[in-house]
Enquirer: 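Let me give you the structure first, and then I'll get to my questions.
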There are 2 protein chains.
Amino acid sequence: MKLKILAKVDSLDTQKSIISKIGELINFKNLEPGDKLPSERMLSEKFEVSRSSVREAIQKLELYGLLDSIPQSGTFVANIGVIAMNGMIEDILRLEDPDFKSLVETRILLELKTVRLASLRRTEEDLEKIKEALDAYSEKVLRGEDAVQEDLLFHLAIARASGNSIMNNFMLIITPEIITNFEKYHVCDKKLANLSISEHQDIFEAIKKQDPMLAKQKMKDHFTVLYQYCYNIKKST
Amino acid sequence: MKLKILAKVDSLDTQKSIISKIGELINFKNLEPGDKLPSERMLSEKFEVSRSSVREAIQKLELYGLLDSIPQSGTFVANIGVIAMNGMIEDILRLEDPDFKSLVETRILLELKTVRLASLRRTEEDLEKIKEALDAYSEKVLRGEDAVQEDLLFHLAIARASGNSIMNNFMLIITPEIITNFEKYHVCDKKLANLSISEHQDIFEAIKKQDPMLAKQKMKDHFTVLYQYCYNIKKST
DNA sequence: CCTTGTAATCTGGTTAACCAATTTATAAGT
DNA sequence: ACTTATAAATTGGTTAACCAGATTACAAGG
């Protein structure tokens with residue numbers, strides 16, 4: 001019996017191979033920025049894969065900004081030049097699955113920035129949303145329940161208030177994996193959660209006061225406690 | 001005549017509406033983490049859209065880690081709980097297109113970190129790759145040609161050497177848009193490029209010496225010149 | 001009552017034919 | 001020769017039927 005997960009790996013491999021072949025094609029045909037890629041039908045025939053596979057590969061490259069697919073017209077190569085195109089495709093194919101360490105590093109980097117920006121740019125509406133998230137979190141912790149989700153929603157509310165849509169987007173991308181890891185390692189148990197309430201409140205107050213330095217410091221404190229604890233339990237297990 | 005671009009907007013709107021409906025469904029049916037979503041056929045029938053549209057929406061939610069589609073088995077909701085799921089779907093739908101300011105902010109944040117990490121973790125192979133990118137850039141500038149692409153590939157080589165796959169991925173996502181904007185605003189003209197050669201060399205040397213503080217400082221200097229200049233030309237145009 | 005084997009059903013993935021908008025080629029008019 | 005009108009070909013998007021693996025239901029055997 002073939003394991004379930006292998007089917008996904010297979011499909012990812014074919015996608016990577018298609019992306020690679022599209023890259024070679026752009027090189028070989030010397031396609032300039034703005035030029036049109038061969039049609040999806042021709043590509044699927046040339047690569048001997050289904051058209052939907054080609055479409056998925058194109059969608060992925062569209063996500064990275066390398067292609068632009070326009071209905072009833074064609075798929076066009078982005079205005080970044082062949083050299084950048086080659087380098088980027090190579091990098092995209094080489095990308096490995098994220099480890100927990102990368103995840104934590106990136107989260108801390110992003111959040112120390114978003115909390116600073118949020119304290120500078122937050123509107124009254126942003127502040128209310130953050131307060132709501134804070135209250136939802138506190139209530140659940142005080143009832144003795146698990147509140148990992150409310151915790152992360154508080155942080156996402158801050159990211160939204162930062163006014164930087166890219167950082168907001170990046171936070172959204174890494175959040176689910178953070179939640180899964182937290183629940184796997186039981187990072188947020190009740191003892192830690194009670195402490196975190198006051199830490200969250202401090203962060204909120206700093207944003208309310210529009211004090212960027214304080215906001216960043218309070219967030220830093222928050223992470224120190226959180227991940228020091230995480231490191232300990234990981235070593236003990 | 002319908003404008004070309006509108007067709008893409010339409011398709012994005014239907015995708016958003018499908019994502020929203022999937023969110024409602026998870027709420028209404030009280031689907032717990034790990035539960036199975038109705039099949040793609042049922043969803044397409046229920047929502048009165050094509051199955052491929054449903055598949056695309058699912059793929060997007062898979063990208064954000066909210067769903068997991070397993071061949072011949074079904075699509076499962078991620079282990080993050082309904083509350084987080086609702087908040088995240090709301091945020092994903094609300095996400096606006098990135099502006100240039102967000103782009104620059106995020107780039108600087110990421111690169112000041114990746115250059116530091118790269119100086120600490122770079123292997124000899126990483127160092128060689130960075131050197132290659134540096135030489136390719138310098139040569140092209142000295143020949144008086146435009147070298148925006150080689151510039152960005154140098155920075156991407158550093159991101160790769162950082163050993164943080166998520167930051168590397170995020171850098172790849174924002175790079176094409178940076179290139180496009182640079183070329184649009186003619187950020188890197190020859191005068192600036194000649195100055196940038198020595199700045200790039202300084203960054204490389206700091207990474208080679210494995211001096212994280214120096215590396216970060218040199219990168220900061222590099223950005224100061226770059227975006228101050230950018231700000232000036234944007235005001236003058 | 002529980003286990004086991006088998007067949008029917010259900011799943012995401014693939015394929016091929018079809019659609020409407022676009023682009024290109026061709027022909028008619030001036 | 002050039003412009004304009006019309007038709008043929010091309011495009012990404014959609015649809016419906018099909019595939020192989022996974023799941024489920026159920027009956028036979030213990």
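Given the structure is predicted, the values throughout are model-derived calculations rather than measurements. In the text below, chain A, chain B and the rest are named by the order of the sequence lines, each starting its count at 1. Hydrogens, waters and symmetry mates are skipped; everything else that's a heavy atom, side chains included, is used.
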Enquirer: Distances for protein N/O vs nucleotides 6-9 of chain C N/O pairs under 3.5 angstrom?
Expert:
none

Enquirer: Got a list of side-chain donor-acceptor pairs under 3.5 Å for residues 77-88 of chain B, not counting sequence neighbours?
Expert:
from: B:N86; atom 1: OD1; to: B:N27; atom 2: ND2; distance (Å): 2.7
from: B:N86; atom 1: ND2; to: B:N27; atom 2: OD1; distance (Å): 2.6
from: B:N86; atom 1: ND2; to: B:V82; atom 2: O; distance (Å): 3.3

Enquirer: Is the phosphate of C:dG12, meaning OP1 or OP2, less than 4.0 Å from a side-chain N or O of B:T75?
Expert: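 Yes, because at least one side-chain N or O of B:T75 sits under 4.0 Å from OP1 or OP2 of C:dG12.
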Enquirer: For A:D35 and D:dT11, give me the distance from atom CG to atom P, rounded to whole Å.
Expert: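 Rounded to whole Å, this separation is 15 Å.
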Enquirer: Roughly, in whole Å, what's the span from CD in A:Q15 to P in C:dG13?
Expert: 12 Å
Enquirer: Using distance only, find each side-chain donor-acceptor pair of residues 165-180 of chain B under 3.5 Å and give its atom names and separation, not counting sequence neighbours.
Expert:
from: B:N169; atom 1: OD1; to: A:Y64; atom 2: OH; distance (Å): 2.6
from: B:T175; atom 1: OG1; to: B:M171; atom 2: O; distance (Å): 2.6
from: B:T180; atom 1: OG1; to: B:P176; atom 2: O; distance (Å): 2.6

Enquirer: For residues 71-86 of chain B, which residue pairs pass the salt bridge (charged side-chain N to carboxylate O under 4.0 Å, His left out) check, not counting sequence neighbours?
Expert: none
Enquirer: Does anything in residues 41-57 of chain B reach DNA chain C, meaning a heavy atom under 4.0 Å, and if so which residues?
Expert: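 Those residues whose heavy atoms fall under 4.0 Å from DNA chain C, taken from residues 41-57 of chain B in numerical order, are B:R41, B:R51, B:R55.
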Enquirer: Measure the distance from CZ on A:F76 to P on C:dT22 and round it to the nearest whole Å.
Expert: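 Going from A:F76 (CZ) to C:dT22 (P), I get 12 Å.
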Enquirer: Nearest to the side chain of B:S73 - D:dA22, D:dG12, C:dG13?
Expert: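 So the side chain of B:S73 is nearest to D:dA22.
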Enquirer: How long is the span from the CZ atom in A:R55 to the CG atom in A:L43, to the nearest 0.5 Å?
Expert: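 Output value for this atom pair is 12.0 Å.
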Enquirer: Round to a whole Å and report the spacing from NZ of A:K36 to C1' of C:dT23.
Expert: 7 Å
Enquirer: Do A:E56 and A:K60 sit within salt-bridge range, that is, some charged N less than 4.0 Å from a carboxylate O?
Expert: no
Enquirer: Take atom CD of A:E40 and atom P of C:dT14, then tell me their distance rounded to the nearest Å.
Expert: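 The distance from CD of A:E40 to P of C:dT14 comes to 15 Å, rounded to the nearest Å.
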Enquirer: With sequence neighbours left out, write down each residue that passes side-chain contact (heavy atoms from CB on, under 4.5 Å) with A:S52, or none if nothing qualifies.
Expert: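 side-chain contact (heavy atoms from CB on, under 4.5 Å) list for A:S52, sorted by chain: A:S50.
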Enquirer: Without decimals, in angstroms, what is the distance between A:E62 CD and D:dG13 P?
Expert: 8 Å
Enquirer: Taking 4.0 angstrom as the limit, do A:D126 and A:R160 come out as a salt bridge?
Expert: no
Enquirer: Would you check, one step at a time, whether the test side chain to side chain contact (heavy atoms under 4.5 Å, CB included) holds for B:F47 with B:S17?
Expert: CA-CA 9 Å; B:F47 300 157; B:S17 120; over 6 Å; no
Enquirer: Got B:L67 and B:L37 here, is their nearest side-chain heavy-atom distance under 4.5 Å?
Expert: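 They are in contact (side-chain heavy atoms under 4.5 Å apart), so the answer is yes.
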Enquirer: Could you tell me how far apart A:Q72 (CD) and C:dC18 (C1') are, to the nearest whole angstrom?
Expert: 13 Å
Enquirer: Ignoring the backbone of B:S39, work out which of D:dG12, C:dG13, C:dT11 is nearest its side chain.
Expert: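 Selected nucleotide (nearest to the side chain): C:dT11.
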